[in-house]
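In what follows, a single structure is set out as structure tokens and then discussed.
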Amino acid sequence: MAQAARSAPPVPVAVPGRDRLRVVPPPRRLPRRPAPAVVRRRRAVALACLAALVALSAAVVLGAGGATGAGRIAALLQRVMSDPPVLCDHLSSAMLQAAGGHAACVRASPARAPRAMVRDVRVGGSTASAIVSTGQVQERVRLVRQHGAWRVDDIR
């Protein structure tokens with residue numbers, strides 16, 4: 001029997017620009033899960049960074065002037081009024097010298113002071129003022145910033 005002639009497979013015609021090989025990207029791999037120890041370490045570092053950020057923001061809020069400086073001054077004066085010998089720790093160098101030194105200031109301080117109210121705190125750069133009222137008496141307290149801390153410089 002005669003067999004039918006088979007036709008040869010078509011020969012691809014070279015088309016310019018289409019006869020290049022295509023680059024196929026490698027298959028995507030799913031990321032591996034980190035070990036539990038790595039997860040714990042990362043959490044500890046994240047918590048430490050968060051705590052440092054909170055501490056830094058609290059230091060900025062409590063350390064600078066402006067409204068926060070007024071709050072710090074009011075808190076300082078309230079503390080001084082509740083425990084008068086503490087005032088000797090917060091006097092400017094000129095006031096401390098006028099009082100005869102730290103030891104003389106502590107000896108001259110009363111054990112207790114009358115209740116006082118601090119109001120009208122004004123901060124202007126490295127100086128501040130506040131009015132301290134004890135009953136009928138009002139005194140204007142002038143403060144200066146020395147070595148990064150507020151110091152009482154004058155009481156009138």
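Nothing fancy with the numbering, it's 1 onward along the sequence.
- Not counting sequence neighbours, the partners of Ala94 by the side-chain contact (heavy atoms from CB on, under 4.5 Å) test are Ser92, Asp153.
- By the 4.5 Å heavy-atom criterion applied to side chains, Leu91 and Cys105 are counted as neighbours.
- Between Gly100 and Ala104, the shortest heavy-atom contact is O-CB, 3.5 Å.
- By the side chain to side chain donor-acceptor pair (under 3.5 Å) test, Gln78 is found to be paired with no residue, residues two or more places apart in sequence or in another chain being considered.
- Considering only heavy atoms from C-beta on, Ile73 comes within 4.5 Å of Val123 through its side chain.
- The distance from the CZ atom of Arg72 to the CH2 atom of Trp150 is 9.5 Å, given to the nearest 0.5 Å.
- Among residues two or more places apart in sequence or in another chain, the side-chain contact (heavy atoms from CB on, under 4.5 Å) test is passed with Ala37 by Arg40, Arg41.
- For residues 121-136, the salt bridge (charged side-chain N to carboxylate O under 4.0 Å, His left out) pairs, not counting sequence neighbours, are Asp120-Arg122.
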Notebook entry, point to check: Where do His90 and Leu76 land on the side chain to side chain contact (heavy atoms under 4.5 Å, CB included) test, with the steps shown first?
Noted result: CA-CA 9 Å; His90 299 286; Leu76 169 70; 3.5 Å; yes
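- Ile155 and Val118 fall within a single hydrophobic cluster, where Ile, Leu, Val, Met, Phe, Trp and Tyr side chains are chained together by heavy-atom contacts under 4.5 Å.
- For Ser93, the side-chain contact (heavy atoms from CB on, under 4.5 Å) partners at least two apart in sequence or on another chain are Gln146.
- In this structure the side chain of Leu77 never reaches within 4.5 angstrom of the side chain of Val121, judged on heavy atoms.
- Rounding to the nearest 0.5 angstrom, the gap separating the CD1 atom in Ile131 from the CZ atom in Arg140 is 4.0 Å.
- Here the straight-line distance linking atom SG of Cys88 with atom CG of Leu96 works out to 7.5 Å at 0.5 Å rounding.
- Using a 4.5 Å heavy-atom threshold, the side chains of Met95 and Arg151 count as separate.
- The side-chain contact (heavy atoms from CB on, under 4.5 Å) test applied to Asp154 returns Arg142, Arg156, not counting sequence neighbours.
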